[in-house]
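Heads up, the thing below is written out as structure tokens.
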Amino acid sequence: LEAVRKGLKPNGKLMLIDFNNTPDNKQRAKMPLLSIQDVANNLSASGFKKIEVDQKTLPYQYIIIAYR
């Protein structure tokens with residue numbers, strides 16, 4: 001993630017979309033689990049300055065936008 005951040009232009013942003021980790025999400029049960037907080041922590045540790053989480057726009061996924 002640090003290499004991705006360094007590759008972004010100043011004020012660039014990275015958007016990640018992943019399945020929610022909920023019991024009723026059958027697609028998510030087939031994949032490895034990674035919490036939203038883990039993703040946000042990894043982005044922050046990689047030097048991203050601002051991180052926004054959207055859990056309302058998509059029915060089964062969350063969106064994370066991280067700003068360089």
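This chain uses plain numbering: 1 for the first residue, then up along the sequence.
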Checklist line | side chain to side chain donor-acceptor pair (under 3.5 Å) assessment of T57 paired with D54 | finding: CA-CA 7 Å; T57 300; D54 175 357; 2.4 Å; yes
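- Side chain of S46 to backbone of N42: a donor-acceptor contact under 3.5 angstrom is found.
- I63 and I36 fall into different hydrophobic clusters, where Ile, Leu, Val, Met, Phe, Trp and Tyr residues are linked whenever their side-chain heavy atoms come under 4.5 Å apart, directly or through other members.
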Notebook entry, point to check: Do Q55 and V53 pass the side-chain contact (heavy atoms from CB on, under 4.5 Å) test, and can you show the C-alpha distance, the side-chain angles, and the key distance before you say yes or no?
Noted result: CA-CA 6 Å; Q55 294 180 276; V53 177; 3.9 Å; yes
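- Remark: I64 CD1 to L16 CG distance equals 6.0 Å, nearest 0.5 Å.
- The CD atom of E52 sits 9.5 Å away from atom CE of M15, with the distance rounded to the nearest 0.5 Å.
- Transitive grouping of hydrophobic side chains (ILVMFWY, heavy atoms separated by less than 4.5 Å) brings V4 and I51 into a common cluster.
- Here the CD1-CZ distance, from I65 to F48, works out to 12.0 Å after rounding to the nearest 0.5 Å.
- A donor-acceptor distance shorter than 3.5 angstrom exists from the side chain of R68 to the backbone of L8, with no hydrogens or angles considered.
- Contacts classified as salt bridge (charged side-chain N to carboxylate O under 4.0 Å, His left out) and involving residues 6-17 (residues at least two apart or in different chains) are given here: E2-K6.
- Using a 4.5 Å heavy-atom cutoff, the side chains of D18 and V39 are not in contact.
- For the residue pair D38/S35, the side-chain donor-acceptor check at 3.5 Å is satisfied.
- Within the model, atoms OH of Y62 and CD1 of I17 stand 10.5 Å from one another, a figure rounded to the nearest 0.5 Å.
- Atom NZ of residue K50 and atom CG of residue N11 lie 11.0 Å apart, to the nearest 0.5 angstrom.
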Note to self: Could you walk me through whether Q61 and F19 satisfy the side-chain contact (heavy atoms from CB on, under 4.5 Å) test, starting with their C-alpha distance in whole Å, then the side-chain angles of each, then the deciding distance to 0.1 Å, before giving a yes or no?
What the structure shows: CA-CA 4 Å; Q61 297 92 2; F19 284 99; 3.3 Å; yes
